[in-house]
Amino acid sequence: MAGKGNGGSYRSAKSGRYVTKAYGKSHPRTTLKEAPGKSGSTGGSYRSAISGRFVTAKHGKASPGTTVREK
């Protein structure tokens, strides 16, 4: 698994863990590419691994396999 780097990193929607760039690119529907930025800036929001957009907490909780909770 990969740590955070300068160019962004990939995180699994299923486990919430960081994964390698190769894994992220080969599993686009279940991984989310995170852009570099300040840690903690999203305040516990949910983001879709499919679209990359923020979704409601209700949708995030109902779709744990395709959403990632941003901390």
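Throughout, residue positions are numbered sequentially from 1 according to the sequence presented. Just so we're clear, the structure is a prediction, and the values are computed from it rather than from any experiment.
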Single hit among Leu32, Thr31, Thr30 for side-chain contact (heavy atoms from CB on, under 4.5 Å) with Val68:
Leu32
Approximate separation, where rounding is to 0.5 Å, of His27 NE2 and Lys14 NZ
8.0 Å
First locate atom CZ of Arg11, then atom CZ of Arg69, and finally report the distance between them rounded to the nearest 0.5 Å.
10.5 Å
Enumerate donor-acceptor pairs with a distance under 3.5 Å from any side-chain N or O in residues 48-57 to protein atoms, sequence neighbours excluded.
from	atom 1	to	atom 2	distance (Å)
Ser48	OG	Ile50	N	3.1
Ser48	OG	Ser51	N	3.2
Ser51	OG	Arg53	N	3.2
Thr56	OG1	His59	N	3.1

Return the OG to NZ distance between Ser9 and Lys21, rounded to the nearest 0.5 Å.
11.5 Å
Counting N and O atoms only, with roles assigned by atom type, does the side chain of Ser26 sit under 3.5 Å from a partner on the main chain of Tyr23, one being a donor and the other an acceptor?
yes
Can you name the residues that form a side-chain contact (heavy atoms from CB on, under 4.5 Å) with Lys61, not counting sequence neighbours?
Tyr46
